[in-house]
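Structure, as structure tokens:
When reading the values below, keep in mind they use all heavy atoms of this one structure, side chains included, and skip hydrogens, waters and symmetry mates. First the proteins, then the strands, lettered A, B, ... as listed; each starts at 1.
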Amino acid sequence: MDADTARTIHRRLLAQYPIEGGRTNFIPFDNPFESLILTILSAQTTDASVIAIREPLFSRYPTPEALAEAAPEDVEQIIRTLGFHHAKSRYIVATAQRIVREFGGEVPRTMEELRSLPGVGRKTANIVLSHAFGINVGIAVDTHVRRVSHRLGMTDSKNPDIIERDLMALLPEKTWGEMNYLLIRHGRAICTARNPKHEECFLCDLCRYYREEVKGKES
DNA sequence: ATCCCGAGGG
DNA sequence: CCCTCTGGAT
């Protein structure tokens with residue numbers, strides 16, 4: 001993969017998954033609190049499920065202060081269509097409490113502080129830093145990023161550290177956070193682990209996996 | 001019926 | 001490293 005191809009991929013991904021007014025279809029880049037909570041809730045579920053609980057959740061708990069006072073059982077009712085809702089409801093209430101008590105009501109802006117929040121691990125912290133704050137801490141290589149970048153041919157490795165290095169070498173630093181999000185989004189929407197939707201994919205002409213594993217095996 | 005694959009805990 | 005938590009997609 002050369003930098004020109006990577007740039008073309010970036011351009012097409014952005015056209016398909018537009019980031020308008022600092023807001024994707026469900027994660028706001030300009031509201032760190034909502035961005036953090038929705039990113040925690042996004043683990044192991046679908047975009048549609050997250051979108052469905054967004055308004056009910058934030059109309060009732062619009063701020064860290066409001067969520068910090070919530071009964072986890074009430075939150076659990078609102079998000080019960082997500083997987084792991086029992087743990088997630090506890091995580092986000094505890095996270096809101098910690099934001100209020102330890103960080104003055106503001107979502108913290110460092111990897112270490114973010115990861116001290118309940119339910120926030122390496123991936124969530126990385127996504128929030130790059131999306132909500134525009135801080136390019138690198139590329140969080142989750143399984144979506146790993147699968148999509150490998151299929152496209154942006155890396156030959158399956159080692160997350162090497163994939164991160166390859167992607168950062170291929171892409172301008174200012175696009176890292178955005179590409180991180182775009183690759184995950186594409187992985188969730190089209191380039192799925194099983195039965196990827198080639199007929200809907202706008203990257204087939206650049207895709208190594210399609211070229212070698214799909215097109216190459218048609219009889 | 002099985003897989004998904006993030007965070008936390010053992 | 002291993003396992004568990006869950007609803008939804010397939």
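Between A/Tyr91 and A/His85, the distance separating the two ring centers is not shorter than 6.0 angstrom.
With respect to the salt-bridge test (charged N to carboxylate O, under 4.0 angstrom), the residues A/Asp142 and A/Arg188 do not qualify. Between A/Glu76 and A/Lys88, none of the side-chain N atoms (NZ, or NE/NH1/NH2) sits under 4.0 Å from a carboxylate O, so this pair counts as no salt bridge. Salt bridge annotation for A/Arg98-A/Glu106: absent, with no cationic side-chain nitrogen under 4.0 angstrom from a carboxylate oxygen.
The residue among A/Glu76 and A/Thr46 whose nearest nucleotide of DNA chain C lies closer to the 5′ end is A/Glu76.
The closest donor-acceptor contact from the side chain of A/Glu164 to the backbone of A/Ile139 lies under 3.5 Å.
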For every nucleotide of nucleotides 2-10 of chain B, 5' to 3': is a protein heavy atom under 4.0 Å from its base (B), only from its sugar-phosphate (S), or from neither (-)? -B-BBSS--
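The span of DNA chain C lying next to chain A, judged by atoms under 4.0 Å from heavy atoms, is bounded 5' to 3' by C/dC5 to C/dT10.
Scanning both residues, A/Ile78 and A/Arg60, for their nearest heavy atoms gives CD1-CD, 4.2 Å. The two atoms that bring A/Met1 and A/Ala6 nearest to each other are SD-N, 3.7 Å, heavy atoms only. Contact detail for A/Tyr61 and A/Phe33: the closest heavy-atom pair is O-CE2, 3.7 Å.
Here A/Thr81 lies in heavy-atom contact (under 4.0 Å) with sugar-phosphate atoms only.
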